[in-house]
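Worksheet: one structure, shown below.
Each chain gets a letter, A, B and so on, in the order its sequence line appears, and its residues count up from 1.
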Protein chains: 2
Amino acid sequence: MTSEPVATSSVSALAGTTFSGARQTAHEFVRSVLRSAILSGELAGGTRLVQAELASLLEVSTTPVREALRELASEGVVRFDPHRGAVVKELSGEEVHEIYAIREILEPVALRRAIPKLTEEVMDRLRGLHQKMTEVPHSAEWVDLNRSFHMTIYETAASPRLAAIIRSLEDSSVMYIGAFLKEVPGLRDDAIHDHGEILEALERRDGDAAAEAVVRHLGLAVKAFESRSAQTDES
Amino acid sequence: MTSEPVATSSVSALAGTTFSGARQTAHEFVRSVLRSAILSGELAGGTRLVQAELASLLEVSTTPVREALRELASEGVVRFDPHRGAVVKELSGEEVHEIYAIREILEPVALRRAIPKLTEEVMDRLRGLHQKMTEVPHSAEWVDLNRSFHMTIYETAASPRLAAIIRSLEDSSVMYIGAFLKEVPGLRDDAIHDHGEILEALERRDGDAAAEAVVRHLGLAVKAFESRSAQTDES
DNA sequence: GTCGCACAGATTGCATCCTATAACTAAATC
DNA sequence: GATTTAGTTATAGGATGCAATCTGTGCGAC
């Protein structure tokens with residue numbers, strides 16, 4: 001049980017995070033810590049998540065850890081096999097394509113549904129997020145702003161189920177390709193440009209244009225992923 | 001702590017089910033029992049699910065019960081608020097419409113994806129299910145066959161994510177409207193007719209026709225739901 | 001030398017006990 | 001009489017210890 005020489009990421013990256021208990025249950029705390037660690041790439045795909053280890057690291061008992069893992073498993077970010085433990089899920093290229101294909105179908109729908117419900121307040125929020133994204137560099141914060149931008153639109157569609165599905169797909173996307181989208185040079189600017197177009201289309205209440213922009217926006221990520229995975233062709 | 005006069009359904013309906021432990025973990029057992037009880041309508045929407053009660057009834061401890069409830073919560077069939085416990089979810093009419101709207105989008109997609117992958121073996125299975133559905137009356141078994149029929153198609157699409165989303169939407173549908181679809185007279189025959197059309201279209205590898213049939217098939221349920229909820233207009 | 005088997009270490013899963021939280025009830029104050 | 005506040009009870013959440021299960025390793029047989 002010495003640390004493996006081939007560096008798979010370890011949960012020890014989480015050391016130091018403590019549970020204040022303030023109005024949050026322990027399993028919620030564990031879940032949020034693991035979630036953000038996984039989505040940020042801190043915990044890479046394939047990392048084993050040993051309950052006892054996580055428990056002592058986060059200073060809770062194993063019970064809430066297991067509950068958190070169960071929830072993450074149904075969210076699809078970890079794999080949890082009976083008696084064998086949890087590992088951070090790693091998606092295949094096919095799955096990435098599948099996820100983006102579904103997103104390209106659902107996101108335009110959610111967007112069109114949102115348009116009639118757009119208030120000035122929501123538009124202001126979107127403009128604010130867009131503005132801020134032009135200011136901060138590509139970082140965890142930027143990724144978060146990006147997520148907020150899109151989800152704000154979809155949540156005003158007042159279709160909670162649809163929004164939840166999209167959110168989960170987006171999470172899976174970020175988990176898998178978020179890490180190396182950072183390395184694609186012009187991507188951030190392209191994304192900001194697309195957001196601008198989406199925003200403009202929303203101002204005009206033009207569903208077709210907005211939908212088209214979103215689909216192109218998604219295509220960007222897929223293309224970046226493809227060029228990257230072709231480059232890292234090592235199977 | 002007397003029983004309420006207004007008869008909300010009770011978990012006591014589950015009494016007698018025992019956990020053999022055979023190659024199944026306790027929480028999986030609890031989950032499957034609760035799932036089928038909820039989907040079958042045995043546990044109606046709004047029923048409180050008290051952990052201790054379920055635990056003693058199913059002869060397990062509260063820990064696996066909580067884990068099962070957590071999973072069911074992320075599946076969307078129960079609502080689980082911190083420190084307040086779980087209740088069987090009840091969907092509003094709007095949510096039902098939303099769910100069917102999403103299904104009408106995704107199911108044709110899954111179907112088209114399935115067509116190139118249809119083997120004779122799958123077709124045989126579908127024919128068998130279809131045949132059997134003409135034989136058994138509208139019952140829990142029939143509903144299950146129906147579910148199998150559709151999911152068999154979607155699972156051959158080799159899009160696990162898409163299939164999982166559809167399955168969860170279907171579960172929510174069944175949970176909510178399954179109970180009173182039974183009471184709509186011609187529905188079973190109409191459904192069987194639609195299945196015949198879908199099957200025929202699949203034989204011809206005709207995606208358009210199959211998709212059209214599926215959408216009409218879904219529309220059937222929505223229409224039945226609407227006429228029923230208009231009839232039971234008591235808000 | 002390879003395959004199979006058994007044992008040991010590691011890890012998950014569960015039961016029991018205890019604590020924390022929230023709903024409910026009743027009393028006290030305005 | 002209404003409203004707030006304190007106390008009570010029911011119930012969820014979590015910690016600990018133990019049992020069940022899996023995995024890897026070493027020994028023996030072929």
Side-chain angles (χ1 to χ4, degrees), chain A residues 1-6 8 10-12 14 17-34 43 46-74 78-89, chain B residues 1-6 8 10-12 17-34 46-74 78-89:
Chain A
M1 222 12 59
T2 55
S3 60
E4 299 182 7
V6 180
T8 62
S10 152
V11 293
S12 60
L14 304 176
T17 327
T18 50
F19 173 44
S20 63
R23 284 291 148 183
Q24 197 184 28
T25 59
H27 84 265
E28 283 172 342
F29 163 72
V30 175
R31 181 161 58 100
S32 75
V33 170
L34 287 178
L43 293 177
T47 307
R48 263 197 88 185
L49 299 170
V50 179
Q51 297 173 12
E53 202 176 343
L54 292 170
S56 71
L57 226 55
L58 300 175
E59 298 178 316
V60 294
S61 117
T62 60
T63 313
V65 170
R66 264 235 312 294
E67 288 175 11
L69 290 174
R70 287 261 140 73
E71 294 195 307
L72 292 171
S74 16
V78 307
R79 219 186 120 92
F80 200 178
D81 297 327
H83 295 288
R84 294 188 43 184
V87 293
V88 179
K89 211 172 195 173
Chain B
M1 224 19 54
T2 56
S3 61
E4 299 184 5
V6 181
T8 61
S10 152
V11 293
S12 60
T17 326
T18 50
F19 173 42
S20 63
R23 284 289 147 185
Q24 197 184 28
T25 59
H27 85 267
E28 283 171 343
F29 163 72
V30 175
R31 182 161 58 100
S32 74
V33 170
L34 287 178
T47 307
R48 264 196 87 186
L49 299 170
V50 178
Q51 297 174 11
E53 201 177 343
L54 292 170
S56 71
L57 226 55
L58 300 174
E59 296 177 320
V60 294
S61 115
T62 59
T63 313
V65 171
R66 255 221 324 286
E67 288 175 11
L69 291 174
R70 287 257 140 74
E71 294 195 308
L72 293 171
S74 11
V78 307
R79 215 187 124 93
F80 200 0
D81 297 327
H83 295 287
R84 294 189 40 186
V87 291
V88 180
K89 211 172 194 174

Between [N] atom [atom2] and [X] atom [atom1], what is the distance in whole Å?
X: A:L57; N: C:dT11; atom1: CG; atom2: C1'; answer: 17 Å
X: A:E59; N: D:dT16; atom1: CD; atom2: P; answer: 12 Å
X: B:L49; N: D:dA12; atom1: CG; atom2: P; answer: 9 Å
X: A:Q51; N: C:dC14; atom1: CD; atom2: C1'; answer: 11 Å
X: A:L54; N: D:dG14; atom1: CG; atom2: C1'; answer: 16 Å
X: B:E28; N: C:dC14; atom1: CD; atom2: C1'; answer: 13 Å
X: B:F29; N: C:dC14; atom1: CZ; atom2: P; answer: 12 Å
X: B:R48; N: C:dA22; atom1: CZ; atom2: P; answer: 14 Å

#### Entry: Neighbours of DNA chain D within residues 64-72 of chain B, by heavy-atom distance under 4.0 Å
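Residues of residues 64-72 of chain B under 4.0 Å from DNA chain D: B:R66, B:R70.
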
### Residues that B:R79 engages under salt bridge (Lys or Arg N to Asp or Glu O under 4.0 Å), provided they are two or more places apart
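For B:R79, the residues satisfying salt bridge (Lys or Arg N to Asp or Glu O under 4.0 Å) (neighbours in sequence not counted) are B:D81.
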
Selection from [options] that lies nearest to any side-chain heavy atom of [X]:
X: B:T25; options: C:dC14, D:dA12, C:dT12; answer: C:dC14
X: B:V60; options: C:dA15, C:dT12, D:dT11; answer: C:dA15
X: B:T62; options: D:dG14, C:dT12, D:dT11; answer: D:dG14

#### Entry: Listed partners of B:E67 passing side chain to side chain contact (heavy atoms under 4.5 Å, CB included), at least two apart
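Applying side chain to side chain contact (heavy atoms under 4.5 Å, CB included) to B:E67 gives A:R66, A:E67, A:R70, B:H27, B:T63.
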
### Query
Less than 4.5 Å apart, any side-chain heavy atom of B:L49 and any of B:V78?
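B:L49 vs B:V78: side chains touch.
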
### Query
Hey, are the side chains of A:L58 and A:V65 touching, using non-hydrogen atoms and a 4.5 Å cut-off?
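The answer is no; the side chains never approach within 4.5 Å.
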
### Query
How close do B:A68 and B:R31 get, heavy atom to heavy atom, and via which atoms?
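Distance-wise, the nearest heavy atoms are CB-N, 3.7 Å.
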
### Side chain A:E28, main chain A:T25, donor-acceptor under 3.5 Å
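Present.
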
### Message
At less than 4.0 Å, is any side-chain N or O atom of B:S61 found next to OP1 or OP2 of C:dA15? Yes or no.
### Response
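It does, given that an N or O in the side chain of B:S61 lies less than 4.0 Å from OP1 or OP2 of C:dA15.
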
### Partner set under side chain to side chain donor-acceptor pair (under 3.5 Å) for A:T62, not counting sequence neighbours
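With sequence neighbours excluded, A:T62 shows a side chain to side chain donor-acceptor pair (under 3.5 Å) to no residue whatsoever.
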
### Query
Considering only heavy atoms, which members of residues 79-86 of chain B lie under 4.0 Å from some atom of DNA chain C?
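Within residues 79-86 of chain B, the residues near DNA chain C are B:H83, B:R84.
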
### Straight-line distance of A:F80 CZ to A:K89 NZ, nearest 0.5 Å
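Answer for the CZ-NZ pair, A:F80 versus A:K89, is 13.5 Å.
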
### Task
Mind checking the CG-OG spacing from A:L54 to A:S61? Nearest 0.5 Å is all I need.
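It is 12.0 Å, given to the nearest 0.5 Å.
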
